[in-house]
Number of protein chains: 2
Amino acid sequence: MFAPDLTKNFNKCGDCPIRKRAVCAHCETEELILLEEMKYYRSFEAGQTVVWSGDRMDFVASVVSGIASLTQTLEDGRTQMVGLLLPSDFVGRPGRDSAPYDVVATTDLVMCCFRKKPFEELVSTTPRVAQRLLQMTLDELDAAREWMLLLGRKTAREKIASLLAIIARRNSMLATQTVGDSMSFDLPLTREAMSDYLGLTLETVSRQISALKKDGLIELQGKRHIIVPDFQKLVLESGDDADGGLPI
Amino acid sequence: MFAPDLTKNFNKCGDCPIRKRAVCAHCETEELILLEEMKYYRSFEAGQTVVWSGDRMDFVASVVSGIASLTQTLEDGRTQMVGLLLPSDFVGRPGRDSAPYDVVATTDLVMCCFRKKPFEELVSTTPRVAQRLLQMTLDELDAAREWMLLLGRKTAREKIASLLAIIARRNSMLATQTVGDSMSFDLPLTREAMSDYLGLTLETVSRQISALKKDGLIELQGKRHIIVPDFQKLVLESGDDADGGLPI
DNA sequence: CACATACTTTGACACATATCAATTACCGGA
DNA sequence: TCCGGTAATTGATATGTGTCAAAGTATGTG
């Protein structure tokens with residue numbers, strides 16, 4: 001199991017093959033040492049809230065293992081997930097004092113943290129790190145906008161297919177379980193979390209998963225383990241262009 | 001009429017009261033001169049496409065007047081707006097070669113542009129500019145996530161109320177037409193553009209506007225001029241917390 | 001091993017929004 | 001001022017997703 005910590009995110013170029021968006025400080029070795037000294041780990045149980053929206057957030061972090069999600073909630077309780085953080089993903093907002101949304105541990109979670117103050121100093125004195133951070137943020141913005149298209153214009157079936165494809169793709173980057181066009185993985189989200197991601201109810205999520213199963217696009221082993229016999233076919237159901245279809 | 005150009009966005013601290021997110025290089029006077037030399041203007045007619053998704057985008061720009069929007073489209077034509085650029089807003093992605101979405105002139109549009117190459121050089125040699133750019137991007141990310149909540153969880157009526165509130169707020173920052181809690185402004189979007197923003201059909205947009213009118217939350221002069229007798233009441237319909245309710 | 005609990009599936013029905021179609025209002029140009 | 005075309009409204013109906021309810025399936029605990 002790959003367990004990235006934040007120094008890894010800031011590792012030398014080439015040492016971070018997992019995520020394109022990982023922060024890479026190239027040969028800034030001194031800063032790496034600095035980061036190494038600053039880092040500490042925090043663990044959370046599934047369901048625990050890491051930070052409440054509006055609270056002071058005095059650290060930045062990288063997901064080591066487990067899943068965290070960013071959620072926003074309306075007064076009457078309707079909630080929408082606005083960020084999904086898988087291992088190696090970065091959380092934190094240099095220059096911001098308080099979190100604009102809840103950060104929740106969707107599964108058991110380990111994060112590699114750094115106090116924000118020294119991290120910000122590092123950023124401001126190391127242009128390449130600052131630029132990498134900008135690139136990461138732009139990537140997140142792109143992801144958010146793709147997500148907006150999903151929320152605003154896709155059908156329930158397309159939403160589910162899209163989410164499965166996203167998870168499958170991310171998974172194939174971490175621990176590949178790929179044979180030809182087929183692949184399998186464990187769903188890291190409950191039906192409810194999926195519904196919060198997709199802007200649906202959990203019942204609709206369940207029904208659409210059943211429908212995809214009936215149509216032979218996916219197979220289930222238990223409730224959580226998904227087998228995708230033909231990834232291309234799944235992508236076809238997602239509404240997206242098929243070009244970006246290959247698992248990487 | 002306020003007509004920001006990109007040098008204005010990079011003006012000295014305090015000179016950019018319009019947008020919190022405007023890039024501010026503080027006292028980087030030399031760079032200001034550099035920017036001044038690089039800038040050029042481009043005009044577009046309503047409906048014209050500034051950049052096609054996937055095309056090379058070799059400039060960054062600031063909206064001087066008019067409205068531009070970023071849109072994404074599925075193969076079958078369903079389209080979702082993912083960005084709305086009002087005067088003083090910034091477009092462009094340092095470090096990226098091609099645009100990830102269509103940039104369309106929603107109204108007649110003037111932009112103040114800079115070739116990307118020298119702009120990127122400026123960014124990489126001026127840490128404070130780079131940091132401001134990061135802040136801007138984080139602001140956009142926040143806006144995108146707010147938008148995701150709207151798309152995923154709000155009702156049609158709440159969506160309309162939210163959009164009107166957003167435009168009213170932005171408007172009150174530019175050319176205020178405010179009397180107490182009442183305010184008025186011209187809708188810069190067609191019903192269709194609004195529907196692309198909100199993930200609705202144009203008919204639903206029209207119906208909900210009529211409904212808000214019938215309920216006395218807004219008044220119409222012609223099709224486009226909106227009068228909001230009580231801004232707080234409108235915000236109440238938007239589903240958001242009422243706290244951020246004041247026009248700033 | 002039985003039980004409690006949380007998660008998931010499935011069903012019946014309601015409702016919000018989409019779709020298709022027909023008017024109506026507005027705005028610019030002759 | 002009238003005319004033509006685009007934009008907007010309104011109506012009738014269809015449909016997808018939500019809501020409420022019940023039953024089924026895991027999963028862990030004593």
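Quick note on labels: first sequence line is chain A, next is B, and so on, each numbered from 1. No experiment lies behind these values; they were computed from the predicted model shown. Because only heavy atoms are used, hydrogens play no part in the values below, and waters and symmetry mates are left out as well, while side chains stay in.
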Yes or no on side-chain contact (heavy atoms from CB on, under 4.5 Å) for A:Leu189 and A:Leu84, after CA distance, side-chain angles and deciding distance? CA-CA 10 Å; A:Leu189 302 174; A:Leu84 182 63; 4.0 Å; yes
Given the rule in the salt bridge (Lys or Arg N to Asp or Glu O under 4.0 Å) test, do B:Arg78 and B:Asp76 qualify, once you have shown the distances and angles that lead to the verdict? CA-CA 6 Å; B:Arg78 282 173 285 172; B:Asp76 61 3; 3.0 Å; yes
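Of all nucleotides listed (C:dT17, D:dT9, D:dC20), D:dC20 comes nearest to the side chain of A:Glu203. Here the nucleotide nearest the side chain of A:Leu220, chosen from C:dT9, C:dC7, C:dA21, is C:dT9. Checking C:dC26, D:dT17, C:dT8 against the side-chain heavy atoms of B:Lys223 singles out C:dC26 as nearest.
Judged by distance alone, the side chain of B:Ser238 and the main-chain N or O of B:Val235 form a donor-acceptor pair under 3.5 Å. The backbone N or O of B:Ile226 lies less than 3.5 Å from no partner atom in the side chain of B:Gln221, so there is not a single donor-acceptor pair.
Counting to the nearest Å, the C1' atom of D:dA26 and the CG atom of A:Leu187 are 15 Å from each other. The separation between A:Leu202 atom CG and D:dT17 atom P is 16 Å, rounded to whole Å. As a whole-Å value, the separation of B:Lys159 NZ from C:dA18 P is 7 Å. In this structure, B:Leu200 places its CG atom 14 Å from P of D:dT17, rounding to the nearest Å. D:dT10 atom P lies 12 Å from atom CD of B:Gln208, rounded to whole Å. The CG atom of A:Asp196 sits 13 Å away from the P atom of C:dC7 (whole-angstrom rounding). Summarising the geometry, the separation between CG on A:Leu151 and P on C:dT17 is reported as 15 Å, rounded to the nearest angstrom. Nucleotide D:dG18 holds its C1' atom 12 Å from the CZ atom of A:Arg78, rounded to whole Å.
Of the two residues contacting DNA chain D, namely B:Arg153 and B:Thr190, the nearest-nucleotide position lying further toward the 5' end is that of B:Thr190. Position along DNA chain C of the nearest nucleotide to B:Gly222 versus A:Arg191 favours A:Arg191 as the more 5'-ward residue. In terms of position along DNA chain C, the nucleotide closest to A:Ser210 lies nearer the 5' end than the nucleotide closest to the other residue of the pair B:Arg224 and A:Ser210.
At a cut-off of 3.5 angstrom, the base of C:dC7 holds no donor-acceptor pair with the side chain of A:Glu192. Under 3.5 Å, the side chain of A:Arg207 and the base of D:dG16 form no donor-acceptor pair of N or O atoms.
Partner of A:Asp102 under the side-chain contact (heavy atoms from CB on, under 4.5 Å) criterion, chosen from A:Thr71, A:Thr79, A:Val82: A:Thr71.
Contact annotation: B:Thr204 side-chain N/O to C:dA18 OP1/OP2 distance is under 4.0 Å.
Among the protein residues, A:Gly47 comes within range of no part of the nucleic acid, since none of its heavy atoms lies under 4.0 Å from any strand. At a threshold of 4.0 angstrom between heavy atoms, the contacts of B:Ile209 with the nucleic acid are absent.
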